[in-house]
Each structure stands twice: as structure tokens, then as C-alpha cells.
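In what follows, every chain begins at residue 1, and chains take the letters A, B, ... in the order their sequences are listed.
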Number of protein chains: 2
Amino acid sequence: MKPTVDHVECKNCSTRFQSVFCKTENDRITEIDAEKICSSFKKGETIFKEGSYASGVYCINAGKIKLSMLGDEGKEQIVRLAKPGDIIGYKALLSGDRYSATATTLDDCNVCFIPREIFMRILQKDAAISFEMMKILSNELRNAEEKITHLAQKPVRERVAETILFLKETYGLDAEKNINIALTREEIANLVGTATETTIRLLSEFNKEKIIELAGKKIKIINLPKLIKTANIYD
Amino acid sequence: MKPTVDHVECKNCSTRFQSVFCKTENDRITEIDAEKICSSFKKGETIFKEGSYASGVYCINAGKIKLSMLGDEGKEQIVRLAKPGDIIGYKALLSGDRYSATATTLDDCNVCFIPREIFMRILQKDAAISFEMMKILSNELRNAEEKITHLAQKPVRERVAETILFLKETYGLDAEKNINIALTREEIANLVGTATETTIRLLSEFNKEKIIELAGKKIKIINLPKLIKTANIYD
DNA sequence: AGTCAAATATGACGAATATCATGTTTTAGG
DNA sequence: CCTAAAACATGATATTCGTCATATTTGACT
């Protein structure tokens, strides 16, 4: 466990109303506040590992995190990207199992650890939080099923385009209109579910076709309609 | 909506203790019983359609059901198989969205419809049921993420073998030791995420290699260790 | 500033798997 | 029992995509 850092008060947390605690009353928030442990992680650090026992959930205050599983041949598959306001590690806690994925920071991060017993006690007492959790889980599940369908049916080129759109939706744009996340080509490949070389080639193609603009890990969308068309999505 | 049929009482339901209501007290069960609507569907009928509004959840009393999404080119992807004791349609209800999948019976089925308000009211009042729901959702999500990883990383041959094992786990064996579900080759393909012809070929290969025995839609596993090895799973 | 490792890039090649075509078998319905 | 449609089967071919090889560039750390 990381050493405690400057305690971020939930009630002042900028992500409070986008999080699972959005509907929660102030006294419950104070209760969480009293028992959580805030820590910080530097870019590239591991918060928890696939296969280890779950002792609580992490609420992200600042930074970006990838959740990945190892395939049979040791290849990483990124199954989720998390941002401030999201919580991670709840699946294992709720199913009473070990972590099914590894959480790695993509940024310097501040996260608040809520121990198992506290989280469970709150779910027991607070139907609104339980309901929000179910909503989150339902949405995640719908997204996962859609991803399964696309992985099974769409060609890689479309999936790469789709992933660029997904990254934009998830992390937004920075001041220069670049997608606000720096992933290696390998990480993008592990998100798309394809080989690294294939991803590199397709990104270069999109670049040549003036759909996106590349500068190192920075990606800027310069022809959104064409990108959407390339992704073959109409909703 | 189907006409009401013989009312199956929850408290006498054979699946009661495998279902989400396993931890529920009798008076709550009586409450559900009073308001639910039992109906029956013949093989091949649609219980609900992707894109339509969710008005409640269905609890399966008897029969087998597939949940499938349509891909962009109109191809079916089976995202879940349900059996007695399972509930379906909860995702849409919880996320407040429309059904993201279509539910089609694979058998003659008896299902109990629990209207939205009743289900919501019960979740509000009963923390144990809420908690069971979260458990179910968490497990589904873990399975979905594992499926994503395998779809992205494993060759079709392994996935077909894996799917046969999955079908056995889900529906068990009949009196003649056949896997207790009759799917068309196309449906198996839509579960695996591959072309129908490829599935046909691979099943024939497994047959020739004495891993399975085929008789129409009946599949019998005759060399389980080899099937597990072919699926390339070691857990 | 210099060095080394990691990341990016690109070509050549081959394997896996989708697609197309066509024929056979099974099944459901009258 | 007969017929049509659906499901199954199999071969030939096309194509996507992964793998391997090899540069080149970038970035992190003395």
C-alpha cells in the first residue's frame, strides 16, 4: 500500500457528482471520508494485479488508468480505461473473487482507497448507491457485449477508427485539440485487439488519408465525419 | 404480451435457490408472486427485441434462451445463453435504456414477467436482492471481459473447443451424455464469433479426431482432456 | 551531449479464415 | 408421405491480418 498523501475530501472532490456517489447524502460522504485512504501513484505504476485478493475499491481523483487482462500467451488485453470520478476494483469485491484485471496508471494519479468492509457496509445501508452501482455495472456490461460483437464481426480497420473515437469520448481533447491521452501503439493495439504492426500501419494510413494527424503519441482528429465513416458506425 | 398461463408459485419454483432470489425471505417472495405474470413461449419465439423499451424483467422457469445482438451488417452475435433460474432483461431496466439484445427461445419456455415498478421497488427495499444483482452483473462482466480477451487473442479452433466446453457447463448432459442443447451450426458460429462454414469444418475435424461425436445437432464429448487441450485452457 | 533501450515504421511473406459456389442431407409442414 | 426450405457439408479461392525481419526514430538516463 502506498503511503497516505494529502487527504482529498470527498465533499470537495471535483468528481463527486459524476461518480457513483452522485446521489449520496452528505453524512454518508463524511462517513466514507473518515475511513478512506488517499494515495498517489506515478505514471506506469500498478495499483492492483490480476489474481490478487481484493481488499477494497479505488476511487480515482486524478489521472488515467488502464485495466488489462493477460491472455493465454501472455499478451495484454486492455478491457477498460478509467478516468477521474470512476471507481475500479469493484467487480472482484462484489463477486467475492480475486481481481480479474491489472490496474496500471497511464498518468500520475491520485486515488482514494475504500476498504472492503466500509464499501460493503455502505452498499448494505444505502439503496441509492447500490442502485448507482448496478447502473454502472449494467452500462459496462452493455459496452462489453457491444465490444464482443464488433470484435467478432468488424474488420481491424473499422475497429481502430472506432477506438480513436472511443478515446476521444473517454478522455476528451487538450488545448491543441489532440486526444487527451498518450498511449503507445502497442497499447492501442491491445485495446483494439490486433497486432501492434497492424495498428501502426492503420494509423499511418489514416494520417495519409487526412483523417487524423499524428505527432508522436498525440492524435488529432482532423476529419471527424470520415473517421466515423471509417469506423462504420451510424448511431 | 403472452396470455397468462398456469401460475408457477415462486416459493415452489424449482429454481428458487439458484436464482437472484436465493437469499430472499418468504414474504418478499409472496409479494413478487402476487404481481408477476407467467407466460409460455414456444421454441423460436421472441420474448423481447433489441431496441424496444424495457418494461420489466423475465425470470426463466423452464427452457433455454439465447440473447443476441445484431452487428452492423445484420449478422447475429449471441452474447449470452440463459437457463432456468436466470433472469433476463435486467440490464436495460437498470441502465434505464432500451433492450440491447434480443431474447429468443431455444426451447419451449415458461417465463415469469416481473414489471419494472415491482422489480425496482424490491431492489429499493431489499439490500440482499440488490447485492445478488450486483454479484450477477459482476460475474457477467468478468465473463464478458474474458470473452473479449479470447476473441482478440485466440484462434478460431481454440474458441470452438472452448464454446463446446461452455455449452456443457451451461446446460449439462442429457441421458445419452450428449450436451443438453440443440443449436444450429450457425448459432454455434454466432456464439464463437466466426463464419458458419468454419464452425462446420472444425466440428467435423473434432469428430474425425475422436474428440467429439456428432449426430445431427447432438454433440457428445468423448475425449474431454483432448478437448480441454484443444481449447488451450489450463484453469 | 551521448548512449542505449524502447517505440515506431515498413516491407515481405505466409497462415488463418472468410467468402463463394455447389451439392447433399435433414427437417418441418401440408 | 411428399415437397420445399433450411441446414449441413465440402472444395476452391480470395483476402485480411499476423509474423518475422530489419531499419529508423524517439526518449530516458547518466
Side-chain angles (χ1 to χ4, degrees), chain A residues 42-45 71-77 104 106 108 149-163 181-209 212-219 230 232, chain B residues 42-45 66 71-78 104-108 149-163 181-209 212-219 230 232:
Chain A
K42 278 184 305 210
K43 178 176 173 168
E45 288 191 293
D72 297 312
E73 315 298 323
K75 191 183 173 189
E76 172 189 65
Q77 177 67 35
T104 312
L106 298 168
D108 293 351
T149 304
H150 290 180
L151 219 30
Q153 301 189 2
K154 296 179 77 167
V156 179
R157 185 182 161 89
E158 293 182 15
R159 301 207 315 269
V160 170
E162 193 170 58
T163 298
I181 176 70
L183 296 174
T184 65
R185 303 289 193 261
E186 187 179 5
E187 284 171 322
I188 296 174
N190 295 345
L191 192 52
V192 172
T194 188
T196 307
E197 295 92 325
T198 303
T199 300
I200 290 172
R201 269 184 256 268
L202 286 168
L203 287 178
S204 304
E205 279 184 33
F206 293 173
N207 190 35
K208 282 199 198 81
E209 296 168 25
I212 61 172
E213 217 168 76
L214 296 171
K217 293 185 176 46
K218 302 259 175 202
I219 301 174
T230 303
N232 194 19
Chain B
K42 278 182 303 205
K43 178 177 173 168
E45 287 191 292
K66 69 174 173 183
D72 296 313
E73 314 299 324
K75 190 183 173 189
E76 172 189 65
Q77 177 66 36
I78 298 179
T104 312
T105 56
L106 298 167
D107 262 338
D108 293 352
T149 304
H150 290 179
L151 219 28
Q153 301 189 3
K154 296 179 77 167
V156 178
R157 185 182 161 90
E158 294 182 14
R159 302 209 312 270
V160 170
E162 193 169 59
T163 298
I181 176 73
L183 295 174
T184 65
R185 304 289 193 260
E186 187 179 6
E187 283 171 322
I188 296 174
N190 295 345
L191 193 51
V192 172
T194 189
T196 306
E197 295 92 326
T198 303
T199 299
I200 290 172
R201 270 184 256 268
L202 286 168
L203 288 177
S204 304
E205 279 184 33
F206 294 172
N207 190 35
K208 282 200 197 82
E209 297 168 25
I212 60 172
E213 218 169 76
L214 296 172
K217 293 186 177 46
K218 301 258 176 204
I219 300 175
T230 304
N232 193 19

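Rounded to an integer number of Å, the gap from B:Leu214 CG to D:dT10 P is 11 Å. Atom P of nucleotide C:dA16 and atom NZ of B:Lys154 are separated by 16 Å, given to the nearest angstrom. Atom P of nucleotide C:dT8 and atom CD1 of A:Ile188 are separated by 8 Å, given to the nearest angstrom. Rounded to whole angstrom, the span from the CZ atom of A:Arg185 across to the P atom of C:dA9 amounts to 5 Å. Distance A:Lys43 NZ to D:dG27 C1': 11 Å, rounded to the nearest Å. One can place CD of B:Glu197 at 12 Å from C1' of D:dA7, the figure rounded to the nearest angstrom. Between the P atom of C:dA6 and the CD atom of A:Glu186 lies a distance of 11 Å, rounded to the nearest Å. Protein atom CD1 of A:Ile200 is 13 Å distant from nucleotide atom C1' of D:dT19, rounded to whole Å.
Applying the 3.5 Å distance criterion, the base of D:dG11 shares a donor-acceptor pair with the side chain of B:Arg201.
Mapping A:Thr194 and A:Lys217 onto DNA chain D by nearest heavy atom places A:Thr194 closer to the 5' end of the strand. Comparing B:Thr184 and A:Leu202 against DNA chain D, the residue whose closest nucleotide sits nearer the 5' end is B:Thr184.
B:Ser204 comes within 4.0 angstrom of sugar-phosphate atoms only, judged by non-hydrogen atoms across all strands, and of no base.
Under a 3.5 Å cut-off, the side chain of B:Thr105 and the backbone N or O of B:Glu45 do form a donor-acceptor pair. The backbone N or O of A:Lys75 sits less than 3.5 Å from a side-chain atom of B:Gln153, completing a donor-acceptor pair. Of the possible polar contacts, none joining the A:Glu158 side chain to the A:Pro155 backbone as a donor-acceptor pair under 3.5 Å is found. Looking only at distances, a side-chain donor or acceptor of B:Asp108 sits under 3.5 Å from a matching main-chain atom of B:Lys43.
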